[in-house]
Amino acid sequence: MARARSIYVCTECGSQSPQMLGRCPGCGSWETLIEEPIGAPPEEAPLVAPASGAPSSNVAMALADVDTGSAPRVATGVGELDRVLGGGLIPGSVVLIGGEPGIGKSTLSLQLAAQLERDAGHVLYVTGEESLEQVRLRAERLGEIPRSLLALSETRVEALAKPWQEHRPSVVVIDSIQTLRTERVESAAGSVAQVRECAALLSATAKSHGTALILVGHVTKEGTLAGPRVLEHLVDVVLNFEGDRGTPFRLLRASKNRFGSTQEVGIFTMGEKGLQAVENPSELFLAERHTGAPGSCIVPVMEGTRPVLLEVQALVAPAGYGTARRTSIGIDDARVALLLAVLDRHSEIDLLSCDVYVNVVGGVRVAEPAADLAVALALASSRLDRPLPQDVAACGEVGLGGEVRRVGRLDQRLREAGRLGFGRVLVPEGVAAAGPSGDGAIGVRNVGEAVRWLFENAAPRGRE
Ligand code: TYD
Ligand code: MG
């Protein structure tokens, strides 16, 4: 029997299949399989011969004797990035920064290249997308350019061997991995095979030289380009750069980190001079808040290990003809639908015949169930046309039975709320009774009780 000459690879998740299928058997996406020729298995040989004295890892040794002190972290100097990395870059490690086009990946990588060059080591910035003039113009915007920072405009992986050997950089930035191609694979730049092979080559080179490698990768919503997801198992750290392009807020989260936790989140704003760390996220998110308006409730959510206060807004209006409209931004539609059903069943307000709009201010996405109670109160407040008192926030998960459930790290959340003037926080009854959280905690057992509290403590609009 003749052997197949091609395999079919999913551009979303990298799963392989011997035949063409409409739907990927790995991740279930439709029409993402593309044909790839079967070539030699990916070669892990580095581009450049390893420096002499580089550690060899093919001898078994006692685990207890393994020296961990030899790989100190190199702080990048970009504080929020170091926080997410767990202190800095590890020599020889590979970090992937993924995100949608235009979110700020090039800006972040250039900022960190300049900062590293100033403080820590020698950096080679490789751009496959932009000309060196463009990169220079961007760098000028971001501040003074260190004289020794090296840049190279190149798309052939093999051509990186020479500068790598010549300059011995301690950090190499590749912007972006999708623009590179290697002679070892025939398909076009950006295809799954190319992206994987280039990344494998570069990472082998980085490992054998103790160079920290930063790969920038685009993720498109359609997944037409080989998404960085095919690289996830190849690299040590995966960072996702998120945000709404219409707002200046950007969040950097780790979804994989072999050297640290994936709990931390970096918070930036994109401004005239690039990305700035946000010291006080709560203050920023609440800066333009209108007090005394109905349909608004503050919730302390956890972004990584930091509590951040966010404003949830709701607008409830009687529906016209036909089906009521439901729109939510920054929070899952299904979550809002569930809360509407629970409010309908377990409180006295009627929302089902109304159009409902919910928005989390600042273009942030909230996935935590801890925001449930705040969403419910914002909805009730809009429906009743009663603004919540100015010093009130809410925090708790709402169950299908209408019960308000506990959430983690309540102490930290209450402290942050208190710090910003929200002295009273509606929380699940059990924790309020246990009393570890200060005097401001107001316990509620269920949404019905929370709505009643609102009705009794919030004056109708204009009469406060
Ligand atoms: P960029 O880093 O090019 O995004 P990516 O590499 O992820 O595609 O940045 C994109 C946007 O950021 C662009 O619309 C311009 C904006 N920007 C600023 O607002 N301030 C700045 O200082 C810079 C350099 C860019
Ligand atoms: Mg870019």
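The residues of the chain are indexed from 1 along the displayed sequence. Counting convention: from 1, in listed order, for ligands and their atoms alike. Heavy-atom basis, side chains included; hydrogens, waters and symmetry copies ignored. Fair warning: this is a prediction, and the values are worked out from it, not measured in the lab.
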**Request:** Please report which non-hydrogen protein atom sits nearest to atom 4 (O) of ligand 1, along with the residue it belongs to and the distance in Å to one decimal place.
**Result:** Gly104 N, 3.1 Å
**Message:** Out of all atoms in ligand 1, which are within 4.0 Å of some heavy atom of Pro101? Include the element for each.
**Reply:** 8 (O)
**Request:** Select one of side chain, backbone, both or neither to describe which atoms of Lys273 lie under 4.0 Å from any atom of ligand 1, heavy atoms only.
**Result:** backbone
**Prompt:** Looking at Glu283 and Arg419, does any basic side-chain N land under 4.0 Å from a carboxylate oxygen?
**Reply:** yes
**Short N-O contact, Glu303 and Arg253, less than 4.0 angstrom** = yes
**Prompt:** Going by atom types only, do Glu117 and Ser148 share a side-chain donor-acceptor pair under 3.5 Å?
**Reply:** yes
**Request:** Starting from atom 17 (N) of ligand 1, locate the nearest protein heavy atom and write down its residue, its atom name and how far away it is, to 0.1 Å.
**Result:** Met270 SD, 3.8 Å
**Message:** Closer than 2.8 Å to the Mg ion (ligand 2): does that hold for any N, O or S atom in Ser106?
**Reply:** yes
**Prompt:** Counting only non-hydrogen atoms of the protein, does one fall under 4.0 Å from atom 7 (O) of ligand 1?
**Reply:** yes
**Prompt:** Could you walk me through whether Arg326 and Asp333 pass the side-chain contact (heavy atoms from CB on, under 4.5 Å) check?
**Reply:** CA-CA 8 Å; Arg326 300 286 143 88; Asp333 284 327; over 6 Å; no
**Asked** Which atoms of ligand 1 have any heavy atom of Ile103 under 4.0 Å away?
**Response** 4 (O), 7 (O)
**Request:** Report the part of Arg138 (side chain from C-beta onward, or backbone N, CA, C, O) that has a heavy atom under 4.0 Å from ligand 1; answer both or neither where that applies.
**Result:** side chain
**Prompt:** Judging by distance only, is a nitrogen or oxygen of Glu130 under 3.5 angstrom from one on ligand 1?
**Reply:** no
**Request:** Give a yes/no verdict on whether any heavy atom in Gly102 is under 4.0 Å from an atom of ligand 1.
**Result:** yes
**Nearest neighbour in protein (non-hydrogen) for atom 9 (O) of ligand 1** = Thr107 OG1, 3.5 Å
**Asked** Looking only at side chains, do Glu130 and Ser153 share a donor and an acceptor under 3.5 Å apart?
**Response** no
**Message:** Between Arg306 and Glu80 (salt bridge meaning N to carboxylate O under 4.0 Å), is one present in this structure?
**Reply:** yes
**Message:** Between Arg365 and Glu242, does any NZ, NE, NH1 or NH2 come within less than 4.0 Å of an OD or OE carboxylate oxygen?
**Reply:** no
**Item:** atom 22 (O) of ligand 1 - nearest protein heavy atom and its distance
**Value:** Gly274 N, 2.7 Å
**Item:** NZ/Lys273: more than 12 non-hydrogen atoms of other groups inside 6.0 Å
**Value:** no
**Message:** Distance alone, cut at 3.5 Å: any donor-acceptor contact between the side chains of Glu158 and Thr182?
**Reply:** yes
**Prompt:** Under 4.0 Å from atom 15 (C) of ligand 1, is there any protein heavy atom?
**Reply:** no
**Complete:** For Gly271, the ligand 1 atoms with a heavy-atom partner under 4.0 Å come out as 18 (C), 19 (O), 20 (N), 21 (C), 22 (O)
**Request:** Using a 4.0 Å heavy-atom cut-off, say whether Ser106 meets ligand 1 through its side chain, its backbone, both or neither.
**Result:** both
**Prompt:** Just checking, is any N or O donor in the side chain of Ser296 or Glu311 under 3.5 Å from an acceptor N or O on the other one?
**Reply:** yes
